[in-house]
Amino acid sequence: MTRKGNNKMTEIFRRPKIGVLLIEAERFRELGDGTVRGTYAVRKDEETASYIKKIEEFADVVYPGPVWERDGAERAARLFYNEGVDCVAAGFLSWAEDFAWIRFLRELPPMPLFFMSVVRDSLSITDTNDEDQFIDFLSAGALVGFQEASGSFRRFDRPMSDMAIGTLDEVTEKLKVFSAAARVRSTLRRSRISLLSCFNEAMWATYLDPYNLFMKMGPEIHFLSISELVNEINVTSDETVAGIVKELTSEHEVYPNVDMAKLDASVRASYAMEQIAAKADTDLLVLNDIDTVLFREVGLRPGFAPTSYDLPLVTVPEGDIGGGLATYILHALTGRRSNFIEPFYIDHARGAFVAGHAGPNDYRDPEGRMIIARDERFAKSGWKYAGAPFAWYVFPEGEKTMLHMSEKNGRMKMVTTVVDCLPTKHYLASYSHADFAPRGMSPEELFARIGACGVTQHYGIAPGDVTAELEALAHMLDIDFYRI
């Protein structure tokens, strides 16, 4: 891929960038001079250093120094905006004058704000007649500052905000979730979706409003044409195709009935599709792979995306932008490969359900298993490359977050749950697939509860449980959220 592509890979997997605002009491600053543990300011510097060190374990930090007065609050707000932080973590380190905080709440441009108060793990205040202990008493008063600041925090009622109080470990664990969601919010605002080439006329429920999506969530949508794809296919070199085919066939089983000329055609179309997406600076490619124009002009649906391991592009089928967003967001949150699925049927006797999808699906996770096989579903069709092979993939087993996204009455929604992907052999011809089991309920109950939320049949899946991050992201984006 191009250098721009590598930058995209860096963007989607980068660490969160957090602005840290810590407010201290000006009237306490020089108190404690000559005591064993030094002045209030010295003690707060040590406390601040421990906060920053802890946050830097999972994020890049922008810290303007302690805030004592109004001008410091204004400078911090400007700095955080100019540095492009994903969110701000703010708190009082003790009681402090509140005018700096109130000015900060007013001046900070719209961005996620995490209001925090850290409780010390232990205290040794036994006699505040001792000046050193008295200064420690003043320094330990973060609870006073938290209560004082909470009124203005709620009075401004800024969107995209949350709060936490607890030990440093407890607070930063919540901040870690919040900042991960904030990072993905920033990523979405810089993202481009390309639709090739139209909405899916067989499934109207997948339609959504591109303008509304851009305004509320961030990604802009571009429309690619089949003619662009055909032109790119025609200029893709035989050497490029041969190199990809060699890599695929050397690493994966090839079924005996695969037509090698049709394999070349499928790889060529897949590579060409990725090239026109790259020229449009695309992050998420949504292919309407059941469009008859695609089959008439190209003769197949591209079956080997991604054609390279490090391609910074998520590709999904069936023209479903909501399903694509779910898959893309999971990819961005987990830093792992994500897949696009459609639950097919419930295996009542096993307490499981079977899900997968035809068309392109990321098969590059080494923990999954891919076979180069004919697309049996279209093998007897009249298209030029009928039965052209594709990456027949069984998803890796283990814990998965399953996410649906669609639009209802101008509002986007997320419906999410955690399931287990079970050990599965290849058995559903033409569909990448696996068997799944819900947690804590039967498949019937799971889908009854999902259906009550109102969904389509498409979901993204990715390794791990990121439902807390999804809930935080939904709050930031002001979209409806349902956790099953």
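- Between Phe13 and His331 there is a side-chain heavy-atom pair separated by less than 4.5 Å.
- Panel note: side chain Thr282, backbone Ala278; no donor-acceptor pair is recorded below 3.5 Å.
- The shortest distance between side-chain heavy atoms of Phe104 and Phe156 does not fall below 4.5 Å.
- Ring pair Phe199/Phe223 is perpendicular by interplanar angle, where above 60° counts as perpendicular and below 30° as parallel.
- The main-chain N or O of Thr236 is never found under 3.5 Å from a side-chain atom of Thr240 such that the two would form a donor-acceptor pair.
- For the atom pair Thr424 OG1 and Asp435 CG, the distance stands at 4.0 Å (nearest 0.5 Å).
- Between Leu208 and Asn212, every side-chain heavy-atom pair lies at or beyond the 4.5 Å cut-off.
- In this structure, the separation between CG on Leu143 and OG on Ser117 is 6.5 Å, given to the nearest 0.5 Å.
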Step-by-step side chain to side chain contact (heavy atoms under 4.5 Å, CB included) determination, Ile18 to Ile55: CA-CA 9 Å; Ile18 302 176; Ile55 296 171; 3.9 Å; yes
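- His433 places a side-chain N or O within donor-acceptor distance of the main-chain N or O of Tyr431, the cut-off being under 3.5 Å.
- Contact of the Ser179 side chain with the Phe58 side chain is registered, since non-hydrogen atoms from C-beta on lie closer than 4.5 Å.
- More than 12 heavy atoms of other shown residues, nucleotides or ligands fall within 6.0 angstrom of atom CZ in Phe436.
- Asp362 and Asn339 form no side-chain donor-acceptor contact under 3.5 Å, judged by distance and modelled atom types alone.
- In this structure, the side chain of Asn288 does not engage the main chain of Glu318 through any donor-acceptor pair within 3.5 Å.
- In the displayed structure, Tyr427 atom OH is contacted under 6.0 Å by more than 12 heavy atoms of other residues, nucleotides or ligands.
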Working for salt bridge (Lys or Arg N to Asp or Glu O under 4.0 Å), residues Lys17 and Asp86: CA-CA 5 Å; Lys17 190 174 187 180; Asp86 300 308; over 6 Å; no
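- In this structure, OG on Ser338 lies 10.5 Å from CZ on Phe395, to the nearest 0.5 angstrom.
- A salt bridge (charged side-chain N to carboxylate O under 4.0 Å, His left out) with Asp365 is found for one member of Lys400, Arg337, Arg336 and no other, namely Arg336.
- Between Val415 and Leu403, every side-chain heavy-atom pair lies at or beyond the 4.5 Å cut-off.
- Side-chain rings of Tyr271 and Phe304 stay apart, their centers remaining 6.0 Å or farther from each other.
- Applying the salt bridge (charged side-chain N to carboxylate O under 4.0 Å, His left out) rule to pairs touching residues 441-467 yields Glu445-Arg449, sequence neighbours excluded.
- Not a single donor-acceptor pair under 3.5 Å links the side chain of Trp383 to the backbone N or O of Leu300.
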Side chain to side chain contact (heavy atoms under 4.5 Å, CB included) between Thr172 and Met116, worked out: CA-CA 9 Å; Thr172 52; Met116 63 183 184; over 6 Å; no
Salt bridge (Lys or Arg N to Asp or Glu O under 4.0 Å) between Asp169 and Lys54, intermediate numbers included: CA-CA 8 Å; Asp169 286 344; Lys54 186 68 176 178; 3.0 Å; yes
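- Side-chain atoms of Ser152 never come within 3.5 Å of backbone atoms of Ala149 as a donor-acceptor pair (strictly under, hydrogens ignored).
- For Phe340 and Tyr459, the ring centers are positioned 6.0 Å apart or more.
- Atom CG of Leu477 is separated from atom NZ of Lys216 by 11.5 Å, given to the nearest 0.5 angstrom.
- Not counting sequence neighbours, the partners of Phe114 by the ring pair (Phe, Tyr, Trp, His ring centres under 6.0 Å) test are Phe178.
- One finds a salt bridge joining Arg15 and Asp60 here, because a Lys/Arg side-chain nitrogen approaches an Asp/Glu carboxylate oxygen to under 4.0 Å.
- Considering only heavy atoms from C-beta on, Thr307 comes within 4.5 Å of Glu274 through its side chain.
- The CG atom of Asp283 sits 11.0 Å away from atom CG of Leu285, with the distance rounded to the nearest 0.5 Å.
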Ring pair (Phe, Tyr, Trp, His ring centres under 6.0 Å) assessment of Tyr255 paired with Trp392: CA-CA 10 Å; Tyr255 268 15; Trp392 191 26; 5.8 Å; yes
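- Between the side chain of Ser430 and the backbone N or O of Arg377, at least one donor-acceptor pair lies under 3.5 Å.
- To the nearest 0.5 Å, the span separating OG1 on Thr292 from CD on Glu297 amounts to 10.0 Å.
- Residues Leu213 and Ile193 are in side-chain contact: their nearest non-hydrogen atoms beyond the backbone lie under 4.5 Å apart.
- Shown here is Arg483, whose CZ atom has more than 12 heavy atoms of other residues, nucleotides or ligands within 6.0 Å.
- For CD of Glu201, the number of neighbouring non-hydrogen atoms (other residues, nucleotides, ligands) closer than 6.0 Å is 12 at most.
- In this structure a side-chain-to-backbone donor-acceptor pair under 3.5 Å is present from His475 to Ser161.
- Between Asp420 and Arg439 there is a salt bridge, since at least one side-chain N of the basic residue sits less than 4.0 Å from a carboxylate O of the acidic one.
- Looking at heavy atoms from C-beta onward, Glu232 lies out of side-chain contact with Glu228 at the 4.5 angstrom threshold.
- Environment of NZ in Lys176: sparse, with no more than 12 heavy atoms of neighbouring residues, nucleotides or ligands closer than 6.0 Å.
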Stepwise side chain to side chain contact (heavy atoms under 4.5 Å, CB included) check, Ile233 with Met273: CA-CA 8 Å; Ile233 288 171; Met273 179 177 70; over 6 Å; no
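- Lys413 places a side-chain N or O within 3.5 Å of a backbone atom of Gly454 that can act as its donor or acceptor partner.
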Verdict with reasoning, Trp101 to Phe92, per side chain to side chain contact (heavy atoms under 4.5 Å, CB included): CA-CA 9 Å; Trp101 171 238; Phe92 278 46; 3.5 Å; yes
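- Annotation: Tyr81, atom OH; neighbour count of heavy atoms from other residues, nucleotides and ligands within 6.0 Å does not exceed 12.
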Test log, rule ring pair (Phe, Tyr, Trp, His ring centres under 6.0 Å), inputs Phe295 and Phe378: CA-CA 10 Å; Phe295 284 100; Phe378 288 101; 4.9 Å; yes
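- At least one donor-acceptor pair closer than 3.5 Å links the side chain of Arg183 to the backbone N or O of Ala332.
- When each of Asn257, Leu263, Val254 is paired with Pro389, the side-chain contact (heavy atoms from CB on, under 4.5 Å) condition holds for Leu263 and for no other.
- Classification of Arg301 and Asp375 as a salt-bridged pair holds, one side-chain N sitting under 4.0 Å from a carboxylate O.
- Legend: residues meeting salt bridge (charged side-chain N to carboxylate O under 4.0 Å, His left out) with Arg374, ordered by chain and number and at least two apart, are Glu376.
- Of all heavy-atom pairs spanning Thr187 and Tyr328, the tightest one is CG2-OH, 3.6 Å.
- Between Leu325 and Leu284, the closest heavy-atom pair is N-CD2, 3.7 Å.
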